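Heads up, the thing below is written out as structure tokens.
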Amino acid sequence: SRDELLERVNTMLKLFKLEDLAHKNPHNLSGGQKQLVALAAVLAMYPKILILDEPTSNLDLLGTSMVYNVLYDLTRERKYTLIIVEHKLEKFLPMVDRVVVLNKGECVFDGSPRKLVREAEDYIKLGLQIPITSLVALRLKLFRSEDAIPLSIDEFIKFIKISKQNIVFKPMRERPRRISEDLKEDRNKILVTASELWYEYPDGTVALRGVDLQIRMGEFIGLIGHNGSGKTTLAKVIAGLYKPTKGHIILNSEIIKTYFKESLIPVGYVFQFPDDQLFARTVYEEIAFGLKNFKIDPDDIRRRVNNIAKELGLEEFLNVSPFRLSQGLKQKVALASILVLRPAILIVDEPTTGQDFITSRKIMDMLKDLNEKYNITIVTISHDISLISEYCKRIIVMEDGKKLLDGPLNVVFSASNMNLLEKMGLESPRTLRFIKRIKEEQNMPFTEDDMIFRVDDLLDRINIEEESQK
């Protein structure tokens with residue numbers, strides 16, 4: 001009946017906190033908001049079996065937590081059978097009963113979450129990101145039995161308290177990277193200056209509210225914030241895809257011409273959703289399209305396309321339609337089609353969405369290589385703060401269309417700012433969250449010496465001591 005229909009719709013709007021968006025056109029929503037709407041629409045049908053493919057891939061921390069809390073409650077309340085295809089193991093392992101791992105079409109694991117983390121070494125090689133608490137417990141040999149391996153920080157701390165042990169972190173400052181004087185001078189050159197940027201969508205949504213920003217040559221920037229905070233809108237204004245409603249943006253074309261002679265476009269933009277960018281019959285034609293428009297020699301086109309396809313693992317798909325590929329492969333094709341044009345500034349919107357951990361690292365390693373070898377400025381929009389904090393040297397936090405924080409990692413992720421981000425529902429890097437929580441339990445301050453962003457570095461610098469040793 002119509003009454004039941006409205007009741008279900010209103011229930012889902014409330015569950016996913018979408019009431020304020022109820023009368024908006026879905027096409028005008030952010031990527032994360034669209035994902036919540038799609039999920040709410042399916043759940044409103046109260047299915048007996050619910051299969052979700054990467055349900056939180058475009059969501060921030062608030063959205064991800066909300067989705068998993070809703071799913072957990074609904075499966076218990078309505079007795080749903082829930083099957084999740086997911087890469088965010090840290091988020092969903094504590095809530096599932098059973099994990100199935102596939103590799104090249106074969107089932108290589110089928111068992112409990114704790115059994116999976118017990119055999120973590122075998123599955124990390126397949127691209128799984130094991131929870132940091134489990135990795136620390138295994139490294140320190142704290143848990144002998146499969147049932148005792150922690151899947152969350154709360155379980156980890158509970159065991160530490162019971163066993164009367166303390167976690168200690170060996171201090172080690174990162175060695176300063178040697179940068180040539182020429183490169184230092186280059187990286188002071190300003191490529192983009194944005195002043196008092198405002199942007200309003202046709203439906204009246206104000207996405208940017210007076211943003212001031214400078215981007216320098218050779219920077220590696222992470223752009224983070226809630227879904228709908230203005231990240232993508234700001235990036236599209238910088239790329240020239242949107243014209244600001246108020247304010248202005250200046251691109252230093254003289255510096256680009258001087259230092260990036262092979263660049264065919266000043267700013268390259270890779271969309272969050274590859275289907276918005278792809279259109280050609282084959283992957284080869286997709287990557288070659290821009291080069292053909294610039295009248296590049298056919299032999300050079302073939303060479304460039306083959307080189308970038310090899311670098312991104314797309315060689316075997318060159319003659320395949322991009323629309324027949326998985327979401328992850330589509331993203332690679334979209335990235336390749338821009339990289340082949342050698343932009344001076346590359347803006348990548350959620351480059352690792354839908355990718356496993358190994359592939360995500362390969363993409364970020366490639367962006368890092370472009371940044372370091374060719375001094376290309378990289379701007380990465382991402383919800384995977386833990387990953388981008390290992391690569392980016394500067395973080396910009398957007399909130400409600402404004403620039404909330406902007407600076408190097410040790411400033412943006414200071415103890416006070418981590419508390420601020422947590423109150424806002426934004427995530428800090430998982431290594432810092434782990435260290436900060438342990439320090440709080442031990443009544444010790446979180447300091448700059450605790451700024452460890454790579455899991456391997458954390459595992460090398462962590463140890464245990466008995467309470468009597470303090």
Side-chain angles (χ1 to χ4, degrees), residues 12 16 18 26 29-43 47 49-72 74-75 80-96 98-105 107 109 113 116 123 126-131 224 226-228 231-232 270-278 313 322-335 348-364 380-388 427 430:
M12 291 303 154
F16 290 101
L18 295 170
L29 302 181
S30 73
Q33 290 168 338
K34 288 177 181 176
Q35 198 163 19
L36 288 175
V37 171
L39 184 57
V42 172
L43 285 174
I49 300 174
L50 184 60
I51 303 174
L52 302 176
D53 190 354
E54 302 277 0
T56 63
S57 58
N58 294 303
L59 299 182
D60 56 26
L61 175 63
L62 275 180
T64 298
S65 299
M66 178 173 59
V67 166
Y68 280 122
N69 288 338
V70 168
L71 292 176
Y72 185 83
L74 286 177
T75 51
Y80 287 166
T81 295
L82 180 62
I83 300 172
I84 306 175
V85 181
E86 182 61 279
H87 288 116
K88 296 180 182 178
L89 300 194
E90 198 146 6
K91 302 294 183 188
F92 84 85
L93 274 187
M95 68 172 278
V96 301
R98 175 182 169 196
V99 181
V100 176
V101 179
L102 300 178
N103 183 42
K104 296 180 179 178
C107 177
F109 177 87
L116 176 74
Y123 300 108
L126 299 181
L128 300 190
Q129 188 178 27
I130 302 299
I224 67 174
H226 286 307
N227 295 120
K231 305 183 301 296
T232 295
V270 181
F271 285 75
Q272 179 178 4
F273 299 107
D275 286 328
D276 292 342
Q277 190 168 338
L278 305 177
F323 300 104
R324 295 182 59 190
L325 302 179
S326 68
Q327 191 73 1
L329 285 172
K330 285 179 182 178
Q331 283 182 304
K332 285 189 181 183
V333 175
L335 182 59
V348 194
D349 197 347
E350 298 286 358
T352 61
T353 297
Q355 309 285 2
D356 62 40
F357 194 56
I358 289 177
T359 305
S360 295
R361 280 200 174 281
K362 284 180 180 177
I363 290 173
M364 294 304 293
T380 306
I381 305 170
S382 182
H383 291 305
D384 193 343
I385 297 172
S386 296
L387 182 63
I388 66 168
E427 211 168 36
R430 63 181 187 144

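All residue numbers refer to positions in the sequence shown, counting from 1. Source: prediction; values computed, not measured.
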Is a donor on one side and an acceptor on the other found under 3.5 Å between the side chain of [X] and the backbone of [Y]?
| X | Y | answer |
| --- | --- | --- |
| Q277 | F271 | yes |
| S386 | R430 | yes |
| Q35 | E54 | yes |
| K231 | H226 | yes |
| Q331 | E350 | yes |

Quick one: does [X]'s side chain get under 4.5 Å of [Y]'s, heavy atoms only?
| X | Y | result |
| --- | --- | --- |
| V67 | L39 | yes |
| T380 | P351 | yes |
| T64 | H383 | no |
| L128 | L116 | yes |
| L93 | P131 | yes |
| I84 | P55 | yes |
| L50 | I83 | no |
| V100 | R98 | yes |

Nearest atoms (heavy-atom pairs only) where [X] meets [Y]:
| X | Y | result |
| --- | --- | --- |
| P94 | L89 | CD-O, 4.3 Å |
| L325 | K330 | O-CE, 3.4 Å |
| I381 | T232 | CD1-CA, 4.1 Å |
| V42 | P47 | O-CD, 3.7 Å |

Apply the test side chain to side chain contact (heavy atoms under 4.5 Å, CB included) to residues L18 and M12: give CA-CA distance (whole Å), side-chain angles for both, the deciding distance (0.1 Å), then the verdict.
CA-CA 8 Å; L18 295 170; M12 291 303 154; over 6 Å; no
About how many Å separate [atom2] of [Y] and [atom1] of [X], when rounded to the nearest 0.5 Å?
| X | Y | atom1 | atom2 | answer |
| --- | --- | --- | --- | --- |
| L126 | N103 | CG | CG | 4.5 Å |
| L387 | M364 | CG | CE | 5.5 Å |
| I130 | E90 | CD1 | CD | 9.5 Å |
| L82 | I51 | CG | CD1 | 9.5 Å |

Answer yes or no: are there more than 12 heavy-atom neighbours, outside K34 itself, under 6.0 Å from its atom NZ?
yes
Applying ring-ring contact (aromatic ring centres under 6.0 Å, His included), can you list everything that pairs with F92, at least two apart in sequence or on another chain?
none
According to ring-ring contact (aromatic ring centres under 6.0 Å, His included), who are the partners of Y123, at least two apart in sequence or on a separate chain?
F109
What do the steps show when you test I224 against I388 for side chain to side chain contact (heavy atoms under 4.5 Å, CB included), and what is the final call?
CA-CA 10 Å; I224 67 174; I388 66 168; 3.6 Å; yes
Counterpart residues, salt bridge (charged side-chain N to carboxylate O under 4.0 Å, His left out), relative to D276 (two or more places apart):
none
What verdict does the side-chain hydrogen bond (donor to acceptor under 3.5 Å, both in side chains) test give for D384 and T352, after you've listed the backbone C-alpha separation in whole Å, the side-chain angles of each residue and the deciding distance to 0.1 Å?
CA-CA 8 Å; D384 193 343; T352 61; 4.5 Å; no
